[in-house]
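Below is one structure; the comments refer to it alone.
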Protein chains: 4
Amino acid sequence: MSPKVGMEPIRRKQVIEAAKACMLSKGFDHFSIKDVAEKAQLSTGVIYHYFKNKQDLYVHVLKDSFGETELMVREAVTKENSYRDKFSAYLEVVAAVPEDNPDFYIILLNYLAQSPYNDDVKQIISKFLINLQGFIEDILQHGVNEGRLTPLEQKTISQMITSQAMGLAFQGMLLPQEERSSVLKDEFIRIFKQYVD
Amino acid sequence: MSPKVGMEPIRRKQVIEAAKACMLSKGFDHFSIKDVAEKAQLSTGVIYHYFKNKQDLYVHVLKDSFGETELMVREAVTKENSYRDKFSAYLEVVAAVPEDNPDFYIILLNYLAQSPYNDDVKQIISKFLINLQGFIEDILQHGVNEGRLTPLEQKTISQMITSQAMGLAFQGMLLPQEERSSVLKDEFIRIFKQYVD
Amino acid sequence: MSPKVGMEPIRRKQVIEAAKACMLSKGFDHFSIKDVAEKAQLSTGVIYHYFKNKQDLYVHVLKDSFGETELMVREAVTKENSYRDKFSAYLEVVAAVPEDNPDFYIILLNYLAQSPYNDDVKQIISKFLINLQGFIEDILQHGVNEGRLTPLEQKTISQMITSQAMGLAFQGMLLPQEERSSVLKDEFIRIFKQYVD
Amino acid sequence: MSPKVGMEPIRRKQVIEAAKACMLSKGFDHFSIKDVAEKAQLSTGVIYHYFKNKQDLYVHVLKDSFGETELMVREAVTKENSYRDKFSAYLEVVAAVPEDNPDFYIILLNYLAQSPYNDDVKQIISKFLINLQGFIEDILQHGVNEGRLTPLEQKTISQMITSQAMGLAFQGMLLPQEERSSVLKDEFIRIFKQYVD
DNA sequence: CATGAATGAGATTTCATTCAT
DNA sequence: CATGAATGAAATCTCATTCAT
């Protein structure tokens with residue numbers, strides 16, 4: 001393979017994807033850089049060319065995962081026009097993540113568990129959550145402007161939604177639910193739709 | 001220095017507490033048996049006298065944590081007489097765990113993250129969650145008997161409650177909320193109380 | 001169990017048998033004192049009451065094994081009257097050890113392997129071999145006295161016999177032979193019987 | 001200090017030789033990987049770069065030892081032309097191993113002792129013995145073809161030879177024999193030469 | 001840019017031995 | 001006599017990271 005210039009973004013993505021795969025298959029803390037290198041069909045050395053160290057790689061895996069999910073949500077919401085539809089779309093897309101991208105919550109869970117011991121990780125997840133809640137707050141801003149909602153309620157609703165979604169996803173990893181999961185998803189949507197009616 | 005007979009229960013508890021402390025201060029998988037031994041002021045060898053291996057210790061830390069929390073919930077619920085009061089008590093005590101025993105959710109979070117890779121852990125957490133949901137299902141059984149609730153709703157409610165509680169607790173670790181946490185707690189109780197009215 | 005006096009020989013034998021069993025089931029160097037204690041249904045502590053240390057126990061297991069085998073040979077030989085019959089009986093009994101007491105050669109083999117690094121063991125095995133060869137030398141002494149055999153031949157024969165027996169036994173552990181083993185046994189007896197004819 | 005590419009065969013041989021030396025000086029199972037690393041002037045880590053684990057290293061030491069000895073025998077035999085000379089050469093070279101390569105039988109003895117507990121080792125030694133017996137069987141095939149020998153005798157002779165050689169070698173480790181060893185060697189050759197006369 | 005050999009600290013686990021009771 | 005709790009050294013093995021090529 002001839003060395004090429006401009007490989008940086010390609011290699012970085014290649015390594016991040018391999019790391020993500022290793023993390024999912026072996027467990028968050030149970031894969032080695034050698035595992036990643038093998039998965040990515042690269043040498044161990046090259047990983048250290050593109051990432052400062054393992055911690056740095058961890059951070060980039062997290063950013064990558066969050067980026068994808070945030071994009072999904074953003075697209076679903078901006079596609080709609082009315083506030084009511086935006087709100088519904090948000091609930092739908094958030095409730096669908098565990099099915100559409102089951103790995104996402106495994107990744108999130110693992111990083112969440114690290115967050116008390118790692119401030120970088122904590123900041124990144126917090127920012128992600130805040131962004132996610134920002135979508136609903138924007139949607140609900142309408143109601144606030146019209147006086148139907150207080151700013152406190154606006155914030156509370158957005159936080160109740162994300163935490164319920166997170167909780168359901170984590171619970172779903174443990175309890176085999178099959179048909180139940182759609183019941184729960186519907187109930188999730190039903191509960192929070194009340195707020196815009 | 002002073003070997004005695006019948007040390008087993010004392011030492012086991014001592015080691016479990018030390019392990020829990022290490023886990024909380026360093027994070028799951030980031031503490032060593034040596035750390036636990038030092039914390040417990042014992043030699044490393046003695047840990048293996050009472051626990052088969054590190055995995056076995058992990059499992060007992062988890063069981064110990066769950067035992068305490070389950071007991072708290074059970075006591076709160078059985079203290080009340082009417083179904084309505086039992087339900088309220090349940091919501092109150094569950095919502096209070098993050099304040100009353102903040103370590104509990106850190107422990108839970110860490111083990112939850114391991115659950116996809118460790119079936120023992122998965123089983124224990126699942127059982128804990130099911131037990132916890134069992135409390136509400138028992139309370140709601142009244143409503144089912146009277147025809148006010150379907151069994152499906154009974155199950156759905158119990159699962160919505162535990163997942164929302166879990167989600168709020170995890171979110172609370174990230175976002176500094178102070179006064180917000182009580183708002184969220186109240187909203188949590190308000191939402192789910194609807195079901196018994 | 002009430003402590004008794006005069007337990008020494010009983011306990012020692014009990015421990016030696018347990019150690020032998022552990023050695024055979026787990027491998028020479030792969031059993032612990034705890035294993036022996038469990039097998040003997042005793043505490044680890046008592047073993048150190050009756051044996052100085054593990055090495056001492058090893059030595060006594062060896063002596064015990066050799067004692068049994070030497071006794072078997074002695075009995076077989078002394079039972080016979082004529083030199084010719086004694087010689088035959090010796091060959092028969094020596095050739096029969098792998099069948100009659102298959103453990104013996106596993107024990108011998110393991111100690112033999114230790115002998116270059118442990119002078120005690122080396123002395124004990126050497127003495128055993130010399131004793132065993134002594135039987136034939138005694139039998140052949142008759143031939144020497146009558147001038148049919150030189151003392152050199154007498155010694156050579158005895159050594160050829162023990163080494164051939166040992167070699168066949170070890171080989172028999174590796175190569176599954178079934179019917180072959182009796183052919184080899186017969187050939188072994190045939191070859192060495194030549195010497196007294 | 002100086003990582004290079006293509007070190008694999010060099011390092012493997014280096015580690016195998018160091019392990020062999022450690023085994024000979026300390027005894028099978030009584031040397032540590034650290035001992036090997038020090039002997040080879042390498043870090044412990046590098047041993048695990050080239051060998052999966054200690055067991056894997058054991059196996060390669062054995063294969064290496066057997067390879068050398070088998071080569072010696074093969075060369076001695078193929079050098080001769082007549083079957084009678086080949087047979088003599090075989091007996092001579094086999095009888096000479098304890099003098100020419102005294103380490104060989106110490107290695108063999110140690111592994112032999114492990115064979116009841118380790119199937120890999122058992123297979124390797126068995127194969128070696130069978131190969132060694134194959135040489136004589138090939139030589140004696142001539143006699144079988146001419147009807148002077150039955151296939152049963154052919155196999156029996158080859159097994160008697162290898163077992164006697166093995167037995168003499170092991171006995172020679174214990175009993176200091178000096179001049180005796182040549183007497184025994186001559187007798188060994190004499191006994192088995194009978195078969196081709 | 002890329003390789004993979006090398007390091008060495010550190011983790012888990014075992015176990016002979018001691019000794020208070 | 002007997003117990004089994006306790007010690008702590010030592011063994012195996014892993015792995016992030018570096019660096020000569």
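Small disclaimer: the values here were computed from a predicted structure and weren't measured. Proteins get letters first, then strands, A, B, ... in listed order; numbering begins at 1 in each.
With E:dT17, F:dA6, E:dT3 as the candidates, the nucleotide lying closest to the side chain of A:Leu42 is E:dT3. The side chain of B:Met7 lies closest to F:dA5 when the candidates are F:dA5, E:dA5, E:dA6. Relative to the side chain of B:Val46, the nucleotides F:dT17, E:dT13, F:dT7 differ in distance, and F:dT7 lies closest.
A cation-pi contact, defined as under 6.0 Å to the ring centre and within 45° of the axis, is absent between D:Lys13 and D:Tyr50.
In this structure F:dA20 sits in a base pair with E:dT3, meeting the Watson-Crick or G-U test at under 3.5 Å. Base pairing analysis places E:dA11 opposite F:dT12; the two distances defining the Watson-Crick or G-U wobble pair are each below 3.5 Å.
If you take CD of B:Gln14 and C1' of F:dA6, they are 12 Å apart, rounded to a whole angstrom. Rounded to a whole Å, the CG atom of C:Asp29 is 13 Å from the C1' atom of E:dA16. Counting to the nearest Å, the P atom of F:dT3 and the CD atom of C:Glu38 are 13 Å from each other. Counting to the nearest Å, the P atom of E:dT13 and the CG atom of B:Leu57 are 10 Å from each other. Rounded to a whole Å, the CD atom of B:Gln41 is 11 Å from the P atom of F:dT7. In this structure, the CD1 atom of D:Ile47 is 12 Å from the C1' atom of E:dA6, given to the nearest Å. When rounded to the nearest whole Å, the span between NZ of A:Lys26 and P of F:dT14 equals 10 Å. Rounded to an integer number of Å, the gap from B:Asp56 CG to E:dT12 P is 14 Å.
Aromatic ring centres of B:His30 and A:Tyr117 lie farther apart than the 6.0 Å criterion allows. With ring centers used as reference points, C:Tyr111 lies 6.0 Å or more from D:Phe170.
Taking the charged nitrogens against the carboxylate oxygens, A:Asp35 and A:Lys26 do have a contact shorter than 4.0 Å, which makes a salt bridge. Remark: A:Asp103 does not engage A:Lys20 in a salt bridge, criterion side-chain N to carboxylate O under 4.0 Å.
Where B:Tyr58 and C:Asn53 meet DNA chain E, the nucleotide closest to each residue was compared, and B:Tyr58 sits on the side nearer the 5' end. The nearest heavy atom of DNA chain F to D:Gly45 and to D:Ile33 marks one nucleotide each, and the one closer to the 5' end goes with D:Ile33. Annotation: of the two residues near DNA chain F, A:Lys52 and C:Thr44, the 5′-most nearest-nucleotide partner is C:Thr44. Take the nearest nucleotide of DNA chain E for C:Lys34 and for D:Ser43: the residue whose nucleotide is more 5' is D:Ser43.
Between B:Lys54 and the phosphate of E:dT12, there is a side-chain N or O to OP1/OP2 separation shorter than 4.0 Å. For the pair A:His49 and E:dC1, the criterion of a side-chain N or O lying under 4.0 Å from OP1 or OP2 is not met. OP1 or OP2 of F:dT14 has not a single side-chain nitrogen or oxygen of D:Tyr48 nearer than 4.0 Å. Applying the 4.0 Å criterion to OP1 and OP2 of E:dA2, one finds that A:Tyr50 has a side-chain N or O inside that range.
At a threshold of 4.0 angstrom between heavy atoms, the contacts of B:Ser32 are confined to the sugar-phosphate backbone, with no base atom among them. Backbone-only engagement by C:Phe31 is indicated by non-hydrogen atom pairs under 4.0 Å involving sugar-phosphate atoms exclusively.
The aromatic rings of B:Phe66 and B:Phe104 lie tilted to each other, with the angle between the two planes from 30° to 60°.
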